Amino acid sequence: MSGETLKLLGWFLSLTLISGYFDSRGFIHAATIWRDGRLVWAAIFWTNFFFLLGITFYWVSLRFLAQLGVGAPEIQAVIWFAVTLIGVALASGHFFRWAPAEQAVGVLVIVALGWLFYRTAA
């Protein structure tokens with residue numbers, strides 16, 4: 001792998017992690033927009049704020065992914081999904097309360113998504 005490829009991959013991964021972090025925060029706030037049958041406007045604001053940041057970083061990350069030769073939307077979506085899912089699981093703290101078997105399955109799913117990315121992006 002060339003130095004330029006590693007640089008592009010580094011930018012893509014960094015921006016995708018930032019995007020996933022913001023999107024995961026958006027999902028966590030979205031889970032609280034209905035309380036006692038009423039809309040919680042502060043939660044709606046924060047949900048939209050974090051989703052806006054997340055999608056902005058995602059769009060920029062796609063520039064580097066395209067330069068790596070990955071243009072398939074299903075691969076782009078799988079990567080975003082995996083990063084966002086990990087972000088929600090970690091940020092909510094629920095992942096650490098899962099049974100070890102469920103944690104192992106979660107890790108295997110992420111590894112499988114990585115394998116899929118590697119095999120289809122090559």
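Residues: numbered from 1 along the sequence shown. Since the structure is predicted, the reported quantities are computational estimates derived from the model, not experimental observations.
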Main chain of [Y], side chain of [X]: is a donor-acceptor contact present, judged purely on distance under 3.5 Å?
{"X": "Ser61", "Y": "Tyr58", "answer": "yes"}
{"X": "Ser24", "Y": "Tyr21", "answer": "yes"}
{"X": "Ser19", "Y": "Gly54", "answer": "yes"}

Between [atom1] of [X] and [atom2] of [Y], what distance do you get to the nearest 0.5 Å?
{"X": "Phe96", "Y": "Gln103", "atom1": "CZ", "atom2": "CD", "result": "7.5 Å"}
{"X": "Leu62", "Y": "Leu68", "atom1": "CG", "atom2": "CG", "result": "11.5 Å"}
{"X": "Phe81", "Y": "Ile110", "atom1": "CZ", "atom2": "CD1", "result": "7.5 Å"}
{"X": "Leu65", "Y": "Leu9", "atom1": "CG", "atom2": "CG", "result": "9.0 Å"}
{"X": "Ile79", "Y": "Thr16", "atom1": "CD1", "atom2": "OG1", "result": "6.5 Å"}
{"X": "Leu8", "Y": "Arg63", "atom1": "CG", "atom2": "CZ", "result": "8.5 Å"}

If you define the side chain from C-beta out and look only at heavy atoms, does anything of [X] sit under 4.5 Å from [Y]?
{"X": "Phe51", "Y": "Asp23", "result": "yes"}
{"X": "Gln76", "Y": "Trp80", "result": "no"}
{"X": "Ile55", "Y": "Phe22", "result": "no"}
{"X": "Phe45", "Y": "Trp41", "result": "no"}
{"X": "Phe12", "Y": "Gln67", "result": "no"}

Heavy-atom closest contact ([X] atom, [Y] atom, distance):
{"X": "Thr32", "Y": "Ala43", "result": "OG1-CB, 3.4 Å"}
{"X": "Ala30", "Y": "Thr47", "result": "N-OG1, 3.0 Å"}
{"X": "Val60", "Y": "Leu15", "result": "CG1-CD1, 3.7 Å"}

If you group Ile, Leu, Val, Met, Phe, Trp and Tyr by side-chain heavy-atom gaps below 4.5 Å, do [X] and [Y] land in one group?
{"X": "Phe64", "Y": "Leu13", "answer": "yes"}
{"X": "Trp11", "Y": "Val70", "answer": "yes"}
{"X": "Val105", "Y": "Ile86", "answer": "yes"}
{"X": "Leu53", "Y": "Ile33", "answer": "no"}

> Would Trp34 and Leu39 count as a side-chain contact (heavy atoms from CB on, under 4.5 Å) if you check the C-alpha gap in whole Å, the side-chain angles of each, and the deciding distance to 0.1 Å?
Replying inline: CA-CA 5 Å; Trp34 289 99; Leu39 281 172; 3.4 Å; yes
